[in-house]
Amino acid sequence: MKLIQAFLLLIFISNLNANIFDDKKQVKNAGDITQIAVPIYAFGLLFYNDDFKNGILPYTLSFAATQASVEILKRIVKEERPDKSDNLSFPSGHSAAAFFGATFIHKRYGIKQAIIPYILATYTAYSRVKADKHYTRDIIAGAAVAGFWNFVLVDRVPNLMLEPRTDGFFLRYTKTF
């Protein structure tokens, strides 16, 4: 597993130059990549951990709830972006997507598998502020939305199961508080 994480980080770093923290365009592009790479990596872990059957439903529901919440909040709040390009600044969708992947991994498989995804998600959030697309509060809110839905919908032990029955399917949800 550590080899896969190291490979992911190596690909990320090798596609960038020395300006990954200074050049606005480079930072923005890198953030665009990581906001997609982290959730894809989380999806891949469903297969790697032989968890696709039980993990795909919580993954899908948490991802959909995160993205729907972000889009609804953007339309309700209507905060202007720092670069004045539109009024969809709050919350950050890029941060929400990246932190969705990292917190899904953390919640489902533990912190050890989530360290590099958290680093990449943090870089994604940094990239949005550096590129003048978001304020700090926007990226924090995006991460919080993702964390909330992962807290509610994802457990280390499968909590949402789709069970085949002779007359169709049975959706079962359990949660311990």
Side-chain angles (χ1 to χ4, degrees), residues 1-16 20 29-74 91-128 139-177:
M1 180 50 47
K2 291 184 183 196
L3 182 62
I4 294 170
Q5 289 181 347
F7 183 68
L8 179 68
L9 191 58
L10 181 64
I11 289 172
F12 171 70
I13 292 170
S14 68
N15 285 315
L16 304 171
I20 64 170
N29 290 342
D32 290 343
I33 292 166
T34 54
Q35 71 117 4
I36 296 167
V38 176
I40 288 173
Y41 178 68
F43 183 77
L45 284 179
L46 293 172
F47 294 98
Y48 180 82
N49 290 309
D50 197 24
D51 188 30
F52 187 80
K53 180 180 173 187
N54 295 325
I56 189 63
L57 192 57
Y59 176 94
T60 304
L61 291 175
S62 184
F63 181 77
T66 297
Q67 293 307 313
S69 297
V70 165
E71 292 306 316
I72 290 167
L73 283 169
K74 283 180 177 288
S92 168
H94 280 65
S95 295
F99 276 98
F100 154 77
T103 55
F104 177 85
I105 294 165
H106 182 179
K107 192 82 190 296
R108 190 86 179 170
Y109 307 116
I111 188 66
K112 286 182 181 179
Q113 291 191 39
I115 292 171
I116 290 176
Y118 273 131
I119 291 168
L120 295 174
T122 301
Y123 182 84
T124 301
Y126 163 79
S127 77
R128 304 309 289 164
I139 60 168
I140 292 170
V145 167
F148 171 79
W149 285 115
N150 276 300
F151 175 77
V152 171
L153 296 172
V154 179
D155 269 340
R156 189 170 182 83
V157 177
N159 66 330
L160 201 52
M161 308 258 317
L162 191 60
E163 299 174 357
R165 300 284 173 108
T166 56
D167 59 342
F169 290 94
F170 178 74
L171 180 65
R172 179 172 50 115
Y173 177 79
T174 59
K175 182 72 180 163
T176 56
F177 292 94

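In this text the structure is predicted, and so the values were computed from the model without any measurement. In what follows, residues are counted from 1 in the order of the sequence shown.
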Requested in this report: Identify the two heavy atoms, one from Arg108 and one from Pro58, that lie closest to each other, and give their separation to 0.1 Å.
Outcome: NH1-CG, 3.8 Å
**Report entry** Separation between CD1 of Ile72 and CD of Gln67, rounded to the nearest 0.5 Å
**Finding:** 11.5 Å
Report summary line: What one should report as the nearest heavy-atom pair of Ala98 and Val38 is O-CG1, 3.3 Å
Report task. Dump the intermediate steps for side-chain contact (heavy atoms from CB on, under 4.5 Å) on Phe148 and Val145, then the final yes or no. Result -> CA-CA 5 Å; Phe148 171 79; Val145 167; 5.8 Å; no
Query - Distance in Å, Asn54 CG paired with Asn49 CG, rounded so as to fall on 0.5 Å steps - result: 12.0 Å
Report summary line: Looking only at heavy atoms, the pair that brings Ala146 and Ala96 closest together is CB-O, 3.4 Å
Report summary line: Looking only at heavy atoms, the pair that brings Ala65 and Ser69 closest together is O-OG, 2.7 Å
Requested in this report: Using the side-chain contact (heavy atoms from CB on, under 4.5 Å) rule, take Phe104 and Leu46 through it: C-alpha gap first, then chi angles, then the decisive distance, then the call.
Outcome: CA-CA 11 Å; Phe104 177 85; Leu46 293 172; 3.9 Å; yes
Requested in this report: Search all heavy atoms of Ala114 against all heavy atoms of Ala102 and return the closest pair with its distance.
Outcome: CB-O, 3.8 Å
Query raised in the report: Roughly how far apart are Asn29 CG and Ser127 OG, rounded to 0.5 Å?
Result: 9.5 Å
Report summary line: Tightest non-hydrogen contact, residues Asn150 and Lys107, listed as O-NZ, 3.8 Å
Query raised in the report: Is the backbone N or O of Ser95 less than 3.5 Å from a side-chain atom of Ser92, with the two atoms forming a donor-acceptor pair by type?
Result: yes
Report task. Determine whether Asp32 and Ile36 make a side-chain contact, defined as any pair of heavy atoms from C-beta on separated by less than 4.5 Å. Result -> no
**Report entry** Between NE2 on residue His94 and CD1 on residue Ile139, distance to nearest 0.5 Å
**Finding:** 12.5 Å
**Report entry** Residues Phe100, Tyr59; criterion ring pair (Phe, Tyr, Trp, His ring centres under 6.0 Å); working and verdict
**Finding:** CA-CA 9 Å; Phe100 154 77; Tyr59 176 94; 5.1 Å; yes
Query raised in the report: How long is the span from the OG1 atom in Thr103 to the CZ atom in Phe151, to the nearest 0.5 Å?
Result: 12.0 Å
**Report entry** side-chain contact (heavy atoms from CB on, under 4.5 Å) assessment of Tyr109 paired with Asp51
**Finding:** CA-CA 10 Å; Tyr109 307 116; Asp51 188 30; 2.8 Å; yes
Query raised in the report: Is the Tyr118 ring parallel, tilted or perpendicular to the Phe99 ring (thresholds 30°, 60°)?
Result: tilted
Query - Nearest-0.5 Å distance that lies between atom OH in Tyr123 and atom CZ in Arg128 - result: 11.5 Å
